[in-house]
Amino acid sequence: MATPKEMMTTWDSIQFGAVLPSFEDPKNKVRSKFNSFNYKVADWRVEKPVFNRNLCIDCDFCWVFCPDSCFEVEEVVNKRGKKQAKIVGINYDLCKGCGVCVEVCPTPIKSLLMFSEFVDNDDALKQWPKKEDKKD
Amino acid sequence: MKNITTLKEFACTPDRFNGGHRLCPGCAHGMIVREVINATDDDVVVSTATGCLEVCTAIYPYTSWDVSWLHIGFENAAAGISGAEAMYKALSRKNKSFNPDKNVKFVAFGGDGGTYDIGFQSLSGATERGHDFLYVCLDNEGYMNTGGQRSSATPIGAHTTTSPRGRVSYGEKNRKKDLTMIMAAHGCPYVATATPGSKHWKDMAQKAAKALSTVGPTFINALSPCTTEWKFKPEDTVEISDLAVETCMFPLYEIEDGHKLTINYKPKNKLPVEEYLSKQGRFSHLFKPENRWVIEEIQKEVDRYWEYLLRREEAGV
């Protein structure tokens with residue numbers, strides 16, 4: 001990643017009509033180096049959310065409430081032939097670790113949980129709380 | 001108008017507001033902006049008044065916007081967007097527009113400082129001239145970008161750096177300006193309030209879609225809880241917005257053609273305002289015995305306003 005100072009242009013070399021083009025290739029949606037999508041805010045984070053695909057019901061609440069747009073979605077077609085978004089993962093370059101996604105997750109055992117930044121994702125999945133048997 | 005029915009379908013929209021901006025973790029601005037500009041498939045031109053959103057999404061040499069974005073001063077976001085809209089109209093009349101087969105929507109974002117106080121005259125002027133644009137006020141109840149000074153959106157009793165709490169003072173003394181009603185009085189075809197609450201994502205997205213498809217000046221007042229200056233944990237943003245609606249501190253309603261009021265969400269059992277106030281550090285001093293009367297005053301004011309809305313909806317005026 002180029003440092004911000006290297007990326008800065010002087011006023012005489014700025015493109016006419018746009019100071020900061022966010023796309024290199026607007027038709028194919030190739031984002032340029034000026035797009036903050038390519039900036040990393042990961043060092044703001046103390047705790048990270050870990051995503052458990054097996055428990056996810058694809059309600060997409062985390063997608064809509066994430067302030068940093070860091071949930072990666074994939075368009076799939078469901079059984080009824082309607083298109084729906086499937087959560088694939090978290091972009092850890094953009095996540096600031098606010099924890100909103102964990103709060104809004106509606107599954108009985110949350111499919112998103114906060115773990116310390118230093119815990120490996122695979123280890124975190126092993127530590128996931130198990131479903132407690134009902135004791136009547 | 002984009003048909004927004006289920007979240008699963010809505011989430012297929014490609015994001016036009018990218019992460020990597022430097023808003024605080026848990027800031028509601030990001031949620032609101034994403035929902036508003038994803039609520040249409042047309043091209044969007046955005047202008048942003050100076051404030052948290054403008055400062056954090058356009059730190060040179062980075063930009064977070066995948067749409068055309070206009071940098072503008074504190075006081076003239078509405079004037080800037082009305083100029084862009086007038087230019088677009090004039091160019092398309094002369095068949096000189098950049099891509100004639102596409103619709104272009106014009107959206108202005110302003111914080112509450114840039115809408116309630118400083119940008120109010122340009123917003124009022126643009127509304128009066130009848131330009132076709134949507135103005136979204138991101139209401140975080142103070143000048144949070146510069147360290148939390150009071151604005152005319154700050155509610156009674158809130159602690160800010162220019163209305164501090166102390167032995168004598170109980171915080172802000174003036175009541176919050178009712179900007180939504182003022183904008184409705186301008187005769188806007190569509191005026192609404194919205195919050196990023198967990199039950200209300202659809203409400204907000206549909207309001208944005210409706211406002212964008214309405215011809216003429218439209219206005220959305222969106223409550224945006226501020227983790228830094230309201231003093232709550234970043235993960236509680238959605239919960240606080242929910243409580244604001246459940247306690248009727250920030251009721252959700254829309255006004256069409258300047259008079260027809262519809263309440264979009266009526267809480268089944270209205271919670272006392274303490275529930276909302278106790279979650280936030282800026283109101284913590286109100287729970288001292290000598291300041292208890294302020295909470296009662298707030299409750300009275302909230303009840304009065306809710307009653308007013310209910311009666312106005314019933315009367316249909």
Side-chain angles (χ1 to χ4, degrees), chain A residues 2 4-9 18-23 26 29 31-41 44-47 58-71 73-76 78 82-87 91 93-104 106 114, chain B residues 5-35 38 56-71 98 196-202 204-205 224-225 227 233-239 241-242:
Chain A
K5 203 165 184 184
E6 286 163 17
M7 282 164 64
M8 287 187 188
T9 40
V19 178
L20 296 172
S22 37
F23 289 116
K29 305 269 173 198
R31 293 188 170 114
S32 73
K33 62 176 179 178
F34 298 116
N35 200 311
S36 72
F37 186 79
N38 296 320
Y39 185 77
K40 289 186 178 69
V41 282
W44 290 33
R45 202 166 59 217
V46 187
E47 282 186 316
D58 284 323
C59 67
D60 298 329
F61 266 44
C62 47
W63 178 86
V64 78
F65 289 114
C66 178
D68 299 295
S69 2
C70 56
F71 282 89
V73 291
E74 198 176 72
E75 206 178 300
V76 291
N78 67 1
K82 280 185 180 171
K83 63 172 185 178
Q84 72 166 62
K86 185 185 169 190
I87 308 282
N91 188 337
D93 285 348
L94 303 181
C95 178
K96 290 172 191 157
C98 60
V100 169
C101 49
V102 177
E103 286 292 310
V104 296
M114 297 304 271
Chain B
T5 45
T6 59
L7 188 48
K8 291 182 182 188
E9 230 178 292
F10 185 54
C12 295
T13 333
D15 259 320
R16 297 203 265 186
F17 178 71
N18 282 311
H21 53 68
R22 270 71 122 206
L23 290 165
C24 305
C27 178
H29 277 26
M31 306 176 195
I32 298 165
V33 171
R34 282 176 67 218
E35 276 194 52
N38 283 346
C56 297
T57 56
I59 297 176
Y60 191 71
Y62 290 100
T63 173
S64 300
W65 301 86
D66 283 3
V67 294
S68 308
W69 183 80
L70 199 68
H71 167 78
F98 181 62
S198 63
K199 289 176 200 160
H200 312 301
W201 73 266
K202 195 174 173 182
M204 172 146 58
S224 169
T227 62
K233 285 180 193 156
E235 65 261 33
D236 292 340
T237 312
V238 174
E239 198 192 338
S241 346
D242 267 342

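Throughout, a chain's letter reflects where its sequence line sits, starting with A, and its residues are numbered from 1.
Using a 4.5 Å cut-off between heavy atoms, A:Lys33 contacts chain B through its backbone alone, with no side-chain atom that close. Within the 4.5 angstrom heavy-atom criterion, only backbone atoms of A:Cys59 (N, CA, C, O) approach chain B. Contact annotation for A:Trp44: only side-chain heavy atoms (C-beta onward) come within less than 4.5 Å of a heavy atom of chain B. Proximity to chain B involves both the backbone and the side chain of A:Val64, based on heavy atoms less than 4.5 angstrom apart. Both the backbone and the side chain of A:Phe37 come within contact range of chain B, each with at least one heavy atom under 4.5 Å from a heavy atom of that chain. In this structure, the portion of B:Cys27 lying under 4.5 Å from any heavy atom of chain A is its backbone and not its side chain. When heavy atoms are compared at a cutoff of 4.5 Å, A:Arg45 does not approach chain B at all. Within the 4.5 angstrom heavy-atom criterion, no atom of B:Trp69 approaches chain A. Proximity to chain A is limited to the side chain of B:Glu35, based on heavy atoms less than 4.5 angstrom apart.
Within the 4.5 Å cutoff, side-chain heavy atoms of B:Thr57 are placed close to those of B:Phe17. Side-chain contact check for B:Val238 versus B:Met31: some heavy-atom pair is nearer than 4.5 Å. B:Val33 is listed as a side-chain neighbour of B:Trp65, based on a closest heavy-atom distance under 4.5 Å. Looking only at side-chain heavy atoms (C-beta outward), A:Asn78 and B:Lys8 stay at 4.5 Å or farther from each other.
Between chain A and the residues B:Glu239, B:Glu235, B:Lys233, the most heavy-atom pairs under 4.5 angstrom are made by B:Glu235. Chain B forms more heavy-atom pairs under 4.5 Å with one residue of A:Lys83, A:Glu74, A:Lys82 than with any other, namely A:Lys83. When each of B:Glu9, B:His21, B:Arg34 is checked for heavy-atom pairs under 4.5 Å with chain A, B:Arg34 comes out on top. Ranking B:Pro14, B:Gly30, B:Cys24 against chain A, the residue ahead of the rest is B:Gly30, based on heavy-atom pairs under 4.5 Å. In terms of heavy-atom pairs under 4.5 Å with chain B, the best-connected choice from A:Cys98, A:Pro67, A:Ser36 is A:Ser36. Comparing A:Cys66, A:Gly97, A:Cys70, A:Ser32 by heavy-atom pairs within less than 4.5 Å of chain B, the highest count is held by A:Cys66. Between chain B and the residues A:Gly99, A:Cys101, A:Ser69, A:Ala85, the largest count of heavy-atom pairs under 4.5 Å involves A:Ser69.
Below 30°, between 30° and 60°, or above 60°: for B:Trp201 and B:Phe10 the angle between ring planes is below 30°, a parallel geometry.
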Given the rule in the salt bridge (Lys or Arg N to Asp or Glu O under 4.0 Å) test, do B:Asp66 and A:Lys29 qualify, once you have shown the distances and angles that lead to the verdict?
CA-CA 9 Å; B:Asp66 283 3; A:Lys29 305 269 173 198; over 6 Å; no
Would you check, one step at a time, whether the test side-chain hydrogen bond (donor to acceptor under 3.5 Å, both in side chains) holds for A:Asn38 with A:Asp93?
CA-CA 8 Å; A:Asn38 296 320; A:Asp93 285 348; over 6 Å; no
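B:Lys202 places no side-chain N or O within donor-acceptor distance of the main-chain N or O of B:Thr6, the cut-off being under 3.5 Å.
When the side-chain hydrogen bond (donor to acceptor under 3.5 Å, both in side chains) test is applied to A:Glu103, no partner is found at least two apart in sequence or on another chain. In this view, B:Thr13 and B:Lys2 satisfy the side-chain hydrogen bond (donor to acceptor under 3.5 Å, both in side chains) rule, not counting sequence neighbours.
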